[in-house]
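The figures here come from the full heavy-atom set of this structure, side chains too, leaving out hydrogens, waters and symmetry mates. Just so it is clear: chains get the letters A, B, ... in the order the sequence lines come, proteins before strands, and each one is counted from 1. Just so we're clear, the structure is a prediction, and the values are computed from it rather than from any experiment.
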There are 2 protein chains.
Amino acid sequence: MAEVDIKTTTRDHIIAAADELIYQQGFSKTSFAHIAEKISISRGNFYYHFKNKDQILDAVIHFRMAKTHTTLQQWEALNSTPHERITCYINVLITHQKDILRFGCAMSNLSNELSRLDHLAKGNSAMLFVLYRTWLRRQFALLGGKQMADKHALHLIVQWQGIATLANALNDPNLLTQETAKLHQWLQSL
Amino acid sequence: MAEVDIKTTTRDHIIAAADELIYQQGFSKTSFAHIAEKISISRGNFYYHFKNKDQILDAVIHFRMAKTHTTLQQWEALNSTPHERITCYINVLITHQKDILRFGCAMSNLSNELSRLDHLAKGNSAMLFVLYRTWLRRQFALLGGKQMADKHALHLIVQWQGIATLANALNDPNLLTQETAKLHQWLQSL
DNA sequence: GTCTATATAATGATAGAC
DNA sequence: GTCTATCATTATATAGAC
C-alpha cells in the first residue's frame with residue numbers, strides 16, 4: 001500500500017524548477033530560457049509537456065497545494081496538541097527566514113502578482129490561503145472552542161503576513177525574531 | 001513666499017505616470033511604450049529626460065517620498081491629537097480599499113520586487129517605511145511615552161501590511177473593514 | 001520525448017532630423 | 001524638446017528533424 005517508485009519525469013522537473021523560480025523572480029520574469037537552463041532541457045521541449053506558460057503556472061499552483069497539504073498533515077501527525085501544531089506554522093517565519101528576508105512569502109507574492117495582472121489563475125493561488133485558514137481554524141477550534149476559531153485563524157495569518165512583508169521590506173532578521181516571539185506569547189495567552 | 005506657478009513639465013508627467021503604472025503593474029512590467037501611450041509622448045523622448053529606466057525608478061521613489069512627507073505633514077497639521085493622527089494612518093486601509101484589494105500596498109510591492117531583483121534601489125524604496133515608522137514613533141511617544149513608541153509604531157505597520165496583504169490575496173473587503181476595526185480598538189486601548 | 005531552427009512581437013536603448 | 005527610424009536582445013510560441 002506504500003507509495004514507492006514514483007518516477008520523477010521531465011514534467012515534474014519543469015514544475016519544481018518553475019516553482020522555485022516563480023518564488024524568487026515572479027511569474028512574469030520567469031522565462032522558459034531560465035527554467036530550461038536550470039534543468040538542462042531545450043526551450044522547445046516545454047511545449048511537449050505544456051500547452052503554454054499559463055499551464056505551467058496552473059501546474060505550479062497545483063504542486064504548491066499538494067506540498068502544503070502534505071506539510072499540514074505532517075504537522076498534525078507529528079504533534080498531538082493544537083498548540084504545538086499552530087506553533088509549527090508560526091515557526092516557519094524562523095525556519096525560512098533567509099528566504100523570507102530575500103524573497104518574501106511565496107503565497108502572497110504570487111497572489112499579488114496575479115491580482116495585478118488580472119490573471120485567471122488568481123483565484124487558484126488564493127486557495128492556498130484558504131487551505132491554511134481552514135487547517136488553522138480546526139486547530140483553534142480544538143484549542144479553545146468553535147466561536148473564535150476562524151477569527152483567530154485569520155488574525156494569525158494576518159500577523160504572519162505582516163511580519164514577513166515588513167521583515168522583507170526592511171531586510172531585518174531581528175524584526176522577524178521579535179515579532180515571532182510576540183506571536184508565541186499571543187498563542188500562549190489564548 | 002507661497003509656492004506658485006510650479007510648472008508641470010514633461011518630466012513630471014513621466015514620473016507621475018510611471019508612479020501609477022509601477023504601482024499597478026510592477027516596475028519590470030511597466031514599459032516605456034505603456035508610459036508613453038499614457039501621457040502621449042514618443043518612446044524616444046524618454047532619453048532626453050532620463051538616462052535609462054533605472055533613473056525613472058529613482059525619480060519615482062523620490063516622488064513617493066515627497067508625496068508621503070506632505071501627507072504626514074497634513075495629518076499632523078489638520079489633527080491636534082496623536083490619537084487622531086494615527087487614526088488617519090489606519091484609515092488609509094478604508095479610503096484606499098479599492099486599490100488595496102486590486103493592487104495591494106504600493107510601498108511593500110515595490111520593495112519586494114526590488115528585493116527579489118537584487119536591485120540597487122531597494123534600500124531607497126525601504127526608506128518609505130522608515131518615514132512612516134519615524135512619524136508614527138513620534139505620535140506614539142506623544143500619546144503614551146517614549147519607551148514603547150517604536151514598538152507600537154512597528155507593530156502597527158506590521159498589522160497594516162498584514163491586513164492589506166491578506167485582503168488583497170483573498171479579495172475580501174469585509175476582512176479589510178473588520179481587521180481595521182480591530183486596529184482602532186487596539187489604538188483606543190493604549 | 002527531445003532537439004534545432006525559426007516566426008513574431010515586445011523590450012530598452014541609440015542616432016539623428018526637425 | 002520632441003519626433004521617427006532603427007538596433008540588439010529577449011520573450012512566447014511553432015514546425016519539423018531525429
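For B:Tyr89, the ring pair (Phe, Tyr, Trp, His ring centres under 6.0 Å) test picks out B:Tyr132, B:Trp160, with sequence neighbours left out. In this structure, the ring pair (Phe, Tyr, Trp, His ring centres under 6.0 Å) partners of A:Phe32, at least two apart in sequence or on a different chain, are A:Phe46, A:Tyr47. Remark: A:Thr180 engages no residue in a side-chain hydrogen bond (donor to acceptor under 3.5 Å, both in side chains) (not counting sequence neighbours). Listed by chain and residue number, A:Phe140, A:Trp186 satisfy the ring pair (Phe, Tyr, Trp, His ring centres under 6.0 Å) test with A:His152 (two or more places apart in sequence, or in another chain). In terms of the ring pair (Phe, Tyr, Trp, His ring centres under 6.0 Å) criterion, B:Phe50 has no residue partners (sequence neighbours excluded). Applying the salt bridge (charged side-chain N to carboxylate O under 4.0 Å, His left out) criterion to B:Glu37, with sequence neighbours excluded, gives no partner residue.
Side-chain N/O atoms of A:Tyr48 include one lying less than 4.0 angstrom from OP1 or OP2 on C:dG1. Under 4.0 angstrom from either OP1 or OP2 of C:dG1 there lies no side-chain N or O belonging to A:Thr10.
Residue pairs satisfying the salt bridge (charged side-chain N to carboxylate O under 4.0 Å, His left out) criterion with at least one member in residues 169-183 of chain B, sequence neighbours excluded, are listed as follows: B:Glu179-B:Lys182. Applying the side-chain hydrogen bond (donor to acceptor under 3.5 Å, both in side chains) test to pairs two or more places apart or on separate chains, those with a residue in residues 136-147 of chain A are A:Glu76-A:Arg138, A:Arg85-A:Gln139, A:Arg137-A:Asp150.
Both the sub-6.0 Å distance and the 45° axial angle are not jointly satisfied by B:Lys98 relative to the ring of B:Phe103.
Atom CD1 in A:Ile41 sits about 14 Å away from atom C1' in C:dT4, given to the nearest Å. Distance CG (B:Asn45) to P (D:dA5): 16 Å, rounded to an integer number of Å. Protein atom CZ of A:Phe50 is 15 Å distant from nucleotide atom C1' of C:dT2, rounded to whole Å.
Side-chain polar atoms of A:His184 and A:Gln188 form no donor-acceptor pair below 3.5 angstrom.
Of the residues in residues 16-23 of chain A, not one comes within less than 4.0 Å of DNA chain C through any heavy atom.
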Checklist entry - Where along nucleotides 11-18 of chain C does protein come under 4.0 Å, by heavy atom, of base (B) or sugar-phosphate alone (S), with - for untouched nucleotides? => result SSBB----
Which donor-acceptor pairs under 3.5 Å do side chains of residues 61-69 of chain B form with protein atoms, sequence neighbours excluded?
residue : atom : partner  : partner atom : Å
B:Arg64 : NE   : B:Asp19  : OD1          : 2.7
B:Arg64 : NH1  : B:Ala106 : O            : 3.4
B:Arg64 : NH2  : B:Asp19  : O            : 3.2
B:Arg64 : NH2  : B:Asp19  : OD1          : 3.3
B:Lys67 : NZ   : B:Asp19  : OD2          : 2.9
B:Thr68 : OG1  : B:Arg64  : O            : 2.8

Checklist outcome for this item: Pairs under 3.5 Å (Watson-Crick or G-U), crossing ones as [ ], inter-strand ones as |: DNA chain D comes out as ||||||||||.|||||||
